[in-house]
Amino acid sequence: YIMQPITAKDLLTTIELSLLKKKQIHDDNDDIYFANKRLQATMNELNEMNKSYKLVNEELKIKQDIILEKDRFLDDVFSSIQDGITILSEDLTILKVNDRIIEWFGNENLIGKTCHGCFFNRKTPCDNCPIQITIKTGKEARTEMPGPPCTDIEWMEVYSYPVKSNRSGNLNGVVEIIRDISEQKRSQKALEMALLSSYKRECEFAGLLRASRSVLEYQEFTVIAKIIFNDLKQLLGTSIGYVAVYHNEFDDGEIIYFDSFNSNEISNNFALPLLIRDLINDVRRSKDILIQNNIINIGPASVAIDSDSSISNIIIIPLVEKNIINGIFVAANKQNNFDDDDIRVARAYGELATIALHYCQNLELLAQKEEQYRLIYQTAANLIIVIDSKGTITDCNDKISDFLGYNKNEVMSKPISNIIDEKNVENIFESLKDIFIKGYSYNREYRLKRKNGEFVEVIINSSGIKDTNGDYSQIIFIINNI
């Protein structure tokens, strides 16, 4: 290359151009730097959004699983209901049925057909169809009608309930519930006939009511049985009798109440005359009421419960529960012969006495179990604390003194947080939430605070206690010192 001469002006121009170019490069580098910063910020935002998306997606999956579980639960409930249930569209087309409907009307496909076509083989809806009333009025309706000819249902009770949209309030369909009331109808008819034929015995029901009240007023069967038996004896018009209970199938029977002309009481059935014992054995085999009239004409005149009372007729009423005789009522010497009306009255009183005996036995067992549980509760080596849903202590055993130095009255109705290390309070309330959801919590380590301020390391096992609605309303803590 040959160096060309350059003027000062050209040199100055060249230098200015070089400086401008350098400044442009510098400015471009700044733009790239800030662009990279913005790009990095955008990437960070995208990463955060991606994390949020994953969390939302996980939460949606959990909620979806919960919804599916609830759907399965509702389907199980729907299938297990003993009444027949159908879900219908507004044109009476069957959309869904439960297992009872299939059991009644066969395994053929009912979906997509009309209810009146499937159930009654009709082309038009039934005349007194409650579903049409619900469709017209938007309100529930009810009716009774003869059962479908293709089933064993003689009478059925039909309820219809509207299914409305939560948003618009428009009718989306109808739920039809069919209940077999054949047995109820037969019972009603029998009851009507019984009431008509026994109007003259209005006092029977007053006596039965008095006897029923005794079941609620007293807890000892001997007292209740005496009241029931005396009312029955008065209604039947008998003059003597007794009540006995059996402790097992081979027992001779313990007579707990004896009513006769004299004060000499008999302690068991074995001491009774042979004829009466034979009749009682017949009842124990048949487990049904037995009446025997004209006893004097079929046996020796000396047949008697005691020396002052010969027997002319007798009724023996077994107290039967689950096909086991737990006792008998024996009444004798009605002025006239025993008849079917007497059997009907005796059966009602026998059932009432059976209920009373079962009730008293359950009360006794319950009292024994309560005492057992109370002894276990109080003598347990563990500290046992019960709290309500608000975390308030509602009960504890006497081990509270050994574990924490408090007496029971000092912690009752106080928050459980009072006896927990402050560092554990938040954790234990998180555990409480789990318990109220799952029902239990096992082997959790905490520190409890003693009355003197010292701390004690413990392991806690917890279980939820449900109320009558099936909700967890209390928690019981079993606490071990470690």
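Contact between Ile435 and Gly464 at its shortest, heavy atoms only, is CG2-N, 3.8 Å. Nearest heavy-atom pair, Ile328 versus Ile325, reported as atom, atom and distance to 0.1 Å: CG2-CG2, 4.4 Å. Across all non-hydrogen atoms, the minimal contact from Glu90 to Ile135 is O-CD1, 3.3 Å. When every heavy atom of Ala225 is checked against every heavy atom of Ile256, the shortest pair comes out as CB-CD1, 4.2 Å. The minimum heavy-atom distance linking Ala331 with Leu236 is given by the pair CB-CD1, 4.4 Å. Nearest approach of Ile400 to Ile385, heavy atoms of both residues: CD1-CD1, 4.3 Å.
With hydrogens and angles disregarded, no donor-acceptor distance shorter than 3.5 Å links the side chain of Thr143 to the backbone of Val158. Judged by distance alone, with hydrogens and angles left aside, the side-chain atoms of Asp402 form no donor-acceptor pair with the main-chain N or O of Lys399 at under 3.5 Å. Looking at Asn461, its side chain does come within 3.5 Å of a backbone N or O of Asn443 through a donor-acceptor pair. A donor-acceptor contact shorter than 3.5 Å is absent between the side chain of Asp83 and the backbone of Ile177. Within the 3.5 Å criterion, the main-chain N or O of Ile384 finds a donor-acceptor partner in the side chain of Asn397. Side chain of Lys164 to main chain of Gly138: a donor-acceptor pair is present (N/O by atom type, distance under 3.5 Å, no hydrogens or angles). Listed for the Lys414 side chain is no donor-acceptor partner under 3.5 Å among the backbone atoms of Ile393. For Thr134 (side chain) and Lys139 (main-chain N/O), a donor-acceptor pair under 3.5 Å exists by modelled atom type. Side chain of Asn469 to backbone of Asp471: no donor-acceptor contact under 3.5 angstrom is found.
Contact check for Asp340 versus Arg344: no side-chain heavy atoms found under the 4.5 Å cut-off. With contacts defined as side-chain heavy-atom distances shorter than 4.5 Å, the pair Leu375/Gln372 does not qualify. In this structure the side chain of Leu448 reaches within 4.5 angstrom of the side chain of Ile420, judged on heavy atoms. The side-chain heavy atoms of Leu232 and Ile317, taken from C-beta on, include a pair separated by under 4.5 Å. Between Ile85 and Arg100, the closest side-chain pair of non-hydrogen atoms is not below 4.5 Å. Residues Thr86 and Cys115 fail the side-chain proximity criterion, which asks for heavy atoms closer than 4.5 Å. Side-chain contact between Thr354 and Val320: absent, with no pair of heavy atoms (C-beta onward) separated by less than 4.5 Å.
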Any chance you could lay out the side chain to side chain contact (heavy atoms under 4.5 Å, CB included) test for Asn481 and Val456, step after step, and finish with the verdict?
CA-CA 7 Å; Asn481 189 338; Val456 56; 3.4 Å; yes
For Leu88 and Ile94: C-alpha separation, side-chain torsions, deciding distance, then whether side chain to side chain contact (heavy atoms under 4.5 Å, CB included) applies.
CA-CA 5 Å; Leu88 307 166; Ile94 297 174; 3.5 Å; yes
Check step by step if side chain to side chain contact (heavy atoms under 4.5 Å, CB included) holds for Phe119 and Glu176.
CA-CA 13 Å; Phe119 301 161; Glu176 176 189 36; 3.9 Å; yes
Would Lys189 and Glu192 satisfy salt bridge (Lys or Arg N to Asp or Glu O under 4.0 Å), going step by step from the backbone distance to the final call?
CA-CA 5 Å; Lys189 184 176 180 180; Glu192 289 171 0; over 6 Å; no
Report the C-alpha distance between Ile479 and Phe403 in whole Å, list the side-chain angles of each, state the deciding distance to 0.1 Å, and finish with yes or no for side chain to side chain contact (heavy atoms under 4.5 Å, CB included).
CA-CA 9 Å; Ile479 303 171; Phe403 271 66; 4.3 Å; yes
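With sequence neighbours excluded, no residue forms a side chain to side chain donor-acceptor pair (under 3.5 Å) with Glu371. With sequence neighbours excluded, the residues that form a ring-ring contact (aromatic ring centres under 6.0 Å, His included) with Tyr440 are Tyr442. Take Phe221 and apply the ring-ring contact (aromatic ring centres under 6.0 Å, His included) test, not counting sequence neighbours, and it matches no residue. In terms of the ring-ring contact (aromatic ring centres under 6.0 Å, His included) criterion, Phe477 has no residue partners (sequence neighbours excluded).
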Give the table of side-chain donor-acceptor pairs shorter than 3.5 Å for residues 150-157, with sequence neighbours excluded, one pair per line with atom names and distance.
| from | atom 1 | to | atom 2 | distance (Å) |
| --- | --- | --- | --- | --- |
| Thr151 | OG1 | Pro148 | O | 3.1 |
| Thr151 | OG1 | Ile153 | N | 3.2 |
| Glu154 | OE1 | Arg186 | NH1 | 3.2 |
| Glu154 | OE2 | Arg186 | NH1 | 2.8 |
| Glu157 | OE1 | Tyr159 | OH | 3.3 |
| Glu157 | OE2 | Arg142 | NE | 2.7 |
| Glu157 | OE2 | Arg142 | NH2 | 2.7 |
| Glu157 | OE2 | Tyr159 | OH | 3.0 |

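For Ser286 and Asp288, the side-chain atoms include no donor-acceptor pair closer than 3.5 Å.
For Asn121, the CG atom is loosely surrounded, since the number of other residues' heavy atoms within 6.0 Å does not exceed 12. In the displayed structure, Glu220 atom CD is contacted under 6.0 Å by at most 12 heavy atoms of other residues, nucleotides or ligands.
The one candidate from Ile291, Ile289, Val330 that meets the side-chain contact (heavy atoms from CB on, under 4.5 Å) condition with Ile316 is Val330.
Applying the ring pair (Phe, Tyr, Trp, His ring centres under 6.0 Å) rule to pairs touching residues 320-340 yields Phe229-Phe329, sequence neighbours excluded.
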